[in-house]
*Asks:* 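Got a structure for you, questions after.
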Amino acid sequence: MATVHLGPSADVRAESRISIGYVLAESIRGFSPRRMIRHPVMFTVYILFLFILVVMLDPRLFPDITAHYDKIYYLGTAILLFLTLWFATVSEGIAEAQGRAQAESLRQIRGGLVVHRVDAAGQEATVPVETVRVGDVFVVRQGENIPTDGDVVKGAAQIDESMLTGESQTVLRESGGDRTSVLGGSKVAEGEIQVRVSAVQGQSFLDRLIRLVESTTREKTPNEIALNVLLSALSLALFIVVLGLVYLCQITGYAAIDVATAASLLVSLLPTTIGGLLPAIGISGINRVAKANVIAKSGKAVEAAGDLDVLILDKTGTITVGNRLAVQLVPAPSVDMGELLNVAMLGSSLDDTPEGRSIVRLAARQGAKPGRLEPGSFRVVPFSQERRMSGIQLGDGAEIMKGSVTAIREYAGELPPTLALTATEAARQGMTVLAIARNRQILGLVYLKDIVKPGIKERLAELRRMGIRTVMCTGDNRLTAATISKEAGVDDFIAEARPEAKLTVINREKGQGRLVAMTGDGTNDAPALARADVGLAMNSGTSAAKEAGNMVDLDSDPTKLIQVVSIGKQLLITRGALTTFSITNDVAKYFAIIPVLFATAGAGFAGVRDLNILGLSNPHLAVLSTVLFNALMIPALIPLALRGVPFRPRSAIDLLRQNLILYGIGGLVSAFVGIKAVYIVLGWLGQIPGWQSLLTEIAHFLPGGFL
C-alpha cells in the first residue's frame, strides 16, 4: 500500500510565500498583446507607448508631428508610459501569485494517493487514482486518505477534513440520508467505509478549487464586463476629444501640442488607475472566497452574492442548532416535581435521540437521581410513527411512556384541565409538548424547543442592514415557525413547507426581478439550489446538492453564506470606490495639464490659463509630472485592491455617500498634492549637475533614432 499520509504542513489555509520571480515573470508576460487587449484602458496606453517608442527611435518617420521634437522629453514620456503598463501588470501578477500559492498547497493534498477498488465479487485491487471511473466503488479504512470525491454506500466513519478546511473536529459520514458525501484529500480518522466514485481526478471539487484560485483562467463577471465596456467607451471618447484638441491647435496656431504631449494628455485623462487594478480586484475577490473554504464554480456567483435581495434559509441546522432540546418539566397537579424528574430521567435513560438525551440532562440539572436498570430487567419500547410514543417496560410490570399529548391521551386518558391548558399555551409559543406517563397515569409534561444558534440574530440583522430580506423555510406548524422566526429575527417565514416550496419561493422572487440565494444539503434541495442565483451547497450533503449549487462550503456551515455575501459586497464596493477615485483623480489631472499647454497662447486663452491653480510654469515638466504621478498611483493602490475596501453593513445611500466623500474628494486632493510634489522633485532633479547630461548620454546610446 502506498497511501500518503498528510501532516499539518498540508493545511491549505496556510499562507504560502509569494514568489517575487513569478510576479516579475507574469508582469513581463502581461505585455503580450493577446493578454493586454483584454483590458481596454491599458491596451490604449499600450498602443500609445508603442507609437511613442517608434517616434522616439526615428522621428524622421513622422516629420509633420515632430516639429518640436525633444529627445529627452520623448524618452521620459516613453519610460513613464512603460512604467504605467508595468505597474498594471505587476498588480495582476501579485494577485495571480496569491492564487498560485494556494493552488500549490492544494496539489500537495492529492499527490501519491491510491484507490482500493472493490469489484462486483467483493475483491480488492490497489490501483492508481487516475484509473478510476465514475461509479467505481473503493474501500477506505482507518488512517487512510480518501483518494477522490464520492458517496458512502456502506458503513460509517469519522472523517478528518482539517487538511482541506482547517477544522480540527472530525465529521460523521455514513451511508443513507444526506450525509453521504466525502471529499478527496480528507482522511478516515475512525471506521471503515465503501465509497462510490462521483468525480474522477481532474473533475473533483479539489480540482475545481485549484482551477478557481489559479486565476489566469478566471472568467470575467457581468459587472466587470459592463465596467470594461464603460471604460472602452470612455477611452474612445477621450481619444476623439484629445485628437480634436490637437487638430484645433494645429490649424489655428493657438498652441503647439506635439505627439508626446497629446499621448501624455490622453493617458493622464484615461481612468488608468481602475483600468490597471481591475483584474487584481476581481482575482483577489475570488481568492478571499477560497480562503473562506468556499468553492465558487464561477466568479459570477461571488459577484451575485454582493447584489443579493433575498436569502432563503432552512430552519433546522441553519437558524437552529438542529435538534429540539428539553427546556422545562411541568408536573401534574397531584404529582411531586421530584417524582416527575426521576421518572423522566429513567424513561429517557435508554433513549439515544438528541431529545431523549436532553431530557436526561435537564432532569439531572434539577436534581433527579438516576435509577438503576439491571441487564435483562427491562424492554425498550421504540418510537414509531403509528404509536408516536416510546419508553421502557420494567421487569415488575411497570412501564414508563412518553410521547405527543394526543398519543398519551389515547394511552392514559385525558390530561388534567390545568395541565391541558398549559400544554396548549406552550404549543402556541412554538414549543413541542411531550407528555410523560407511568402505568397509564399522566405525571406531567416536558417542553422541547428549537434552540436558535448563538449570534444568528445579530448576523441576520447585518443582512437586513445590507438590504437583504431573509425568509425561513420549515416543515413545522405555523405557530412554531412564527416563534422561531421572531426569536431569530428573520423577515418572513414559510411554515409546513414541502421540498418544492423553496423552488416556488425562488421562482416567485426571481419573477419580480430580485436576486435570490439559498443554502441546502439534501437531494431534495437540488432543484432550488440550481434555480437560485447563489446556491450554497454543504460539503457534508449529497453529490446532487453539490452539483446543483454554484458554491460549495467545505466547512458545511449554513451561515457561511453571510460571509460570502460580505465578500461579494466588498468586491463590488472596492471596484466602485477605486473607480470613483480614478475618475476624480483624472479631473484633477485636467487642471494640471490643459492650462499649462496654453501658457504661450494668445489673450483669448487667458481664462484657460487662470485654471493653472497649481502654478506649473514648465509645460514639459508639468506633463511628465502628471504622467509619473498617474503611474505611481497604480502601485500605491495595489494593497487596497488586493485587501479590499473594509465593508460594514449599511444602506446603499450610505455606501454611495462614503465613496463620494472618501474616494471622490480623496482622488481630487491627492492628485493636486501629488502632481505638485512630483513637479517640485523633478524640477529639483533637473538642477542637479550631470542629471540632464546623463539622460542625453542614454538617448545617444539608443539605436537608430535621435538623428
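In what follows, every heavy atom counts, from backbone to side chain, and hydrogens, waters and symmetry copies are set aside.
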*Asks:* Rounded to the nearest 0.5 Å, what's the gap from NZ on Lys187 to CD on Glu144? Could you check?
*Replies:*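 Result: 10.0 Å between the selected atoms.
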*Asks:* Kindly compute the distance separating CG (Leu313) from CD1 (Ile456), expressed to the nearest 0.5 Å.
*Replies:* 7.0 Å
*Asks:* With sequence neighbours excluded, tell me which residues meet side chain to side chain donor-acceptor pair (under 3.5 Å) with Arg379.
*Replies:* Gln393
*Asks:* Would you name the heavy atoms of Ala481 and Ala495 that are closest together and state the gap between them?
*Replies:* CB-CB, 3.8 Å
*Asks:* To the nearest 0.5 Å, tell me how far Lys560 NZ sits from Ile567 CD1.
*Replies:* 8.5 Å
*Asks:* Got a second to check how far Ile506's CD1 is from Leu529's CG, nearest 0.5 Å?
*Replies:* 7.5 Å
*Asks:* Verify side-chain contact (heavy atoms from CB on, under 4.5 Å) between Glu192 and Val139, making sure each step is shown before the conclusion.
*Replies:* CA-CA 7 Å; Glu192 178 178 324; Val139 63; 3.7 Å; yes
*Asks:* Could you grab the distance from atom OG1 of Thr519 to atom CD1 of Ile312, nearest 0.5 Å is fine?
*Replies:* 9.5 Å
*Asks:* Can you list the steps and then say if Phe493 with Val471 is a side-chain contact (heavy atoms from CB on, under 4.5 Å)?
*Replies:* CA-CA 5 Å; Phe493 67 89; Val471 180; 5.9 Å; no
*Asks:* Considering only NZ, NE, NH1 and NH2 on the basic side and carboxylate oxygens on the acidic side, decide whether Glu487 and Lys449 come within less than 4.0 Å.
*Replies:* yes
*Asks:* For the side chain of Arg288 and the backbone of Gly568, is there at least one donor-acceptor N/O pair under 3.5 Å apart?
*Replies:*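 Between the backbone of Gly568 and the side chain of Arg288 there is no qualifying donor-acceptor contact (under 3.5 Å).
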*Asks:* Compare every heavy atom of Leu172 with every heavy atom of Ala156, then report the nearest pair and how far apart it is.
*Replies:*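 Answer, listing the atom of Ala156 first, then Leu172: CB-CD1, 4.4 Å.
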*Asks:* Taking the side chain as every heavy atom from C-beta outward, state whether Phe138 and Thr148 have any atom pair closer than 4.5 Å.
*Replies:* yes
*Asks:* Identify the two heavy atoms, one from Leu463 and one from Val565, that lie closest to each other, and give their separation to 0.1 Å.
*Replies:* CD2-CG1, 4.2 Å
*Asks:* Checking the side chain of Ser358 only, and the main-chain atoms of Ala326 only, is there a donor and an acceptor separated by less than 3.5 Å?
*Replies:*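 A pair under 3.5 Å: yes.
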*Asks:* Between the main-chain N or O of Gly535 and the side-chain N or O of Asn550, is there a donor-acceptor pair closer than 3.5 Å?
*Replies:*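 Here the side-chain-to-backbone pair exists.
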*Asks:* Just by modelled atom types, is the Val294 backbone N or O under 3.5 Å from a matching donor or acceptor in the Asp553 side chain?
*Replies:* no
*Asks:* For Ala25, check side chain to side chain contact (heavy atoms under 4.5 Å, CB included) against everything at least two apart and list the hits.
*Replies:*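 Ala25 satisfies side chain to side chain contact (heavy atoms under 4.5 Å, CB included) with Arg29 once adjacent residues are dropped.
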*Asks:* Using side chain to side chain contact (heavy atoms under 4.5 Å, CB included) as the criterion, point out the one residue from Val152, Val182, Val188 that pairs with Val140.
*Replies:*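 One option only clears the test, and that one is Val188.
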*Asks:* Please enumerate all residues that pass side chain to side chain donor-acceptor pair (under 3.5 Å) together with Gln512, with sequence neighbours excluded.
*Replies:*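 Once residues adjacent in sequence are excluded, the partners of Gln512 under the side chain to side chain donor-acceptor pair (under 3.5 Å) criterion are Arg514.
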*Asks:* Inspect the contact between Glu26 and Arg35 and indicate whether a charged nitrogen and a carboxylate oxygen are less than 4.0 angstrom apart.
*Replies:*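 Answer for the salt bridge query: yes.
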*Asks:* When you measure from the side chain of Lys569 to the backbone N and O of Gly306, does any donor-acceptor pair fall under 3.5 Å?
*Replies:*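 Yes: the side chain of Lys569 pairs with the backbone of Gly306.
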*Asks:* With a 4.5 Å heavy-atom cut-off, do Tyr447 and Val433 have their side chains touching?
*Replies:*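 Of all side-chain heavy-atom pairs linking Val433 with Tyr447, at least one is under 4.5 Å.
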*Asks:* Is the CD atom of Glu190 crowded by more than 12 outside heavy atoms at less than 6.0 Å?
*Replies:* no
*Asks:* Apply side-chain contact (heavy atoms from CB on, under 4.5 Å) to the pair Ile281 and Leu571, showing each step before the final yes or no.
*Replies:* CA-CA 7 Å; Ile281 294 170; Leu571 174 64; 3.8 Å; yes
*Asks:* Looking at Lys154, I'd like to know if its NZ atom is crowded, meaning that more than 12 non-hydrogen atoms belonging to other residues, nucleotides or ligands lie closer than 6.0 Å.
*Replies:* no
*Asks:* Where is the tightest heavy-atom contact between Lys402 and Gly347, given as atom of each residue plus distance?
*Replies:* NZ-O, 4.0 Å
*Asks:* Find out whether Leu325 and Arg361 are in side-chain contact, i.e. whether some heavy atom of one side chain is under 4.5 Å from a heavy atom of the other.
*Replies:* yes
*Asks:* Is there side-chain contact between Ile159 and Ile193, with heavy atoms separated by less than 4.5 Å?
*Replies:*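 Yes - at least one pair of side-chain heavy atoms lies under 4.5 Å apart.
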*Asks:* Could you state the interatomic distance from CE (Met472) to CD1 (Ile484), rounded to the nearest 0.5 Å?
*Replies:*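 Rounded to the nearest 0.5 Å, the CE-CD1 separation comes to 7.0 Å.
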*Asks:* Verify side-chain contact (heavy atoms from CB on, under 4.5 Å) between Val534 and Met551, making sure each step is shown before the conclusion.
*Replies:* CA-CA 7 Å; Val534 178; Met551 290 188 181; 4.2 Å; yes
*Asks:* Taking all non-hydrogen atoms of both residues, which atom of Gly391 and which atom of Met401 are closest, and how far apart?
*Replies:* CA-SD, 4.0 Å
*Asks:* Please find the pair of heavy atoms, one from Met389 and one from Gly403, that lie closest to each other, and give the distance.
*Replies:* CB-CA, 3.7 Å
*Asks:* Mark yes when over 12 heavy atoms from residues, nucleotides or ligands other than Arg469 sit less than 6.0 Å from its CZ; otherwise mark no.
*Replies:*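 More than 12 heavy atoms, drawn from other residues, nucleotides or ligands, come within 6.0 Å of this atom.
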